[in-house]
Amino acid sequence: MLKLLSSATFVTLLALSSPVMANPFFGGPNEASCVTAADASAKQYEHEQKIIWGKMGGSIQEFKQQRYFVSSRGQCLLDVKFKIAQKGRVVTTRYLVDAFERRIYGTFYDVGNSNARPLTCNYGVNFNEAGQCANESEFESVIAQLVN
């Protein structure tokens, strides 16, 4: 009986410590859970950006979000884009994040001068600085690759 109980405890602990996708007790990520996670994550990013830019004399003029559920990987990616007015200029910030984990896969930051390179534009599965893009359309093509 003790051996059976310890085996059951081991299986339960293993199941609870495994990622959600592999957890038979809670099911895996799906389109509905992606909607919920993406909405919560987008609201959190909007709240954070209001605070950050408000302290620097800016205000959010435009906020867009687009979510992508990649069923083959059980991944929910969120593209959030902000246009911020600050001291006579428009600043664009954009993040591509995993809505479940809030892991960042890409960032784009530009001060609105089409002749200048963005101040930052990084991307990659491990979000190392190896992936650099030159403009927002290149960033969008990276997103297209990551969401398929």
Side-chain angles (χ1 to χ4, degrees), residues 8-114 116-148:
T9 302
F10 175 76
V11 169
T12 301
L13 289 175
L14 182 63
L16 291 175
S17 66
S18 297
V20 172
M21 263 179 73
N23 194 324
F25 298 111
F26 298 107
N30 57 38
E31 186 73 36
S33 63
C34 179
V35 170
T36 303
D39 286 347
S41 190
K43 285 178 185 171
Q44 183 64 34
Y45 273 104
E46 185 177 22
H47 176 74
E48 291 168 356
Q49 293 293 307
K50 280 181 183 177
I51 292 170
I52 291 167
W53 287 102
K55 289 183 178 188
M56 297 188 304
S59 64
I60 296 174
Q61 300 298 301
E62 180 181 316
F63 170 65
K64 293 181 180 180
Q65 66 179 8
Q66 176 68 46
R67 89 179 158 281
Y68 306 92
F69 181 65
V70 185
S71 59
S72 63
R73 296 190 305 263
Q75 188 176 39
C76 183
L77 294 176
L78 175 66
D79 177 9
V80 289
K81 180 178 181 178
F82 300 91
K83 294 254 185 213
I84 296 118
Q86 183 200 33
K87 300 177 184 174
R89 64 184 180 168
V90 176
V91 178
T92 300
T93 62
R94 203 164 164 187
Y95 302 96
L96 180 67
V97 300
D98 184 304
F100 294 127
E101 299 175 4
R102 287 196 60 141
R103 173 191 246 184
I104 297 173
Y105 288 98
T107 62
F108 179 83
Y109 176 83
D110 190 27
V111 292
N113 182 350
S114 61
R117 281 184 54 90
L119 297 178
T120 61
C121 183
N122 305 312
Y123 61 87
V125 173
N126 295 320
F127 190 60
N128 53 25
E129 306 261 339
Q132 298 284 318
C133 43
N135 53 45
E136 193 168 9
S137 63
E138 189 177 323
F139 186 71
E140 289 172 1
S141 69
V142 169
I143 290 173
Q145 292 172 20
L146 291 173
V147 300
N148 291 318

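- The side-chain contact (heavy atoms from CB on, under 4.5 Å) search around Q145 returns none, not counting sequence neighbours.
- The CD atom of Q61 lies 11.5 Å from the OG1 atom of T92; values are rounded to the nearest 0.5 Å.
- Using cut-offs of 30° and 60° for the angle between ring planes, the W53 and Y109 rings count as parallel.
- Considering E46, H47, E48 as possible partners of Q44, the one that fulfils the side-chain hydrogen bond (donor to acceptor under 3.5 Å, both in side chains) test is E48.
- The side-chain hydrogen bond (donor to acceptor under 3.5 Å, both in side chains) with K81 is formed by just one residue from the set Q66, E136, E62, Q65; it is E136.
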* Step by step, would you call R73 with D98 a side chain to side chain contact (heavy atoms under 4.5 Å, CB included)? -> CA-CA 12 Å; R73 296 190 305 263; D98 184 304; over 6 Å; no
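- Remark: the backbone N or O of I60 is not paired with any side-chain donor or acceptor of Q49 at under 3.5 angstrom.
- Once rounded to the nearest 0.5 Å, the distance linking NZ of K64 with CG of D79 reads 10.5 Å.
- Separation of atoms OG1 (T36) and CD (E31) is listed at 10.5 Å; rounding is to 0.5 Å.
- Summarising the local packing, NZ of K50 is surrounded by 12 or fewer heavy atoms from other residues, nucleotides or ligands at distances under 6.0 Å.
- Rounded to the nearest 0.5 Å, atoms CG (N148) and OH (Y68) are 9.5 Å apart.
- Taken from CD in E140 to CG in N135, the straight-line distance is 9.0 Å, to the nearest 0.5 Å.
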* To do: Dump the intermediate steps for side chain to side chain contact (heavy atoms under 4.5 Å, CB included) on I84 and T93, then the final yes or no.
  => CA-CA 8 Å; I84 296 118; T93 62; 3.8 Å; yes
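- Here CD of Q75 is found 9.5 Å from CZ of F69. Values are rounded to the nearest 0.5 Å.
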* **Full working for side chain to side chain contact (heavy atoms under 4.5 Å, CB included) between F82 and Y45** => CA-CA 10 Å; F82 300 91; Y45 273 104; 4.1 Å; yes
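- A cation-pi arrangement is not found for R102 relative to Y95, the charged atom failing to lie both closer than 6.0 Å to the ring centre and inside a 45° cone about the ring normal.
- Shown here for L78 and A38, the closest heavy-atom pair between the two residues is CD2-O, 3.7 Å.
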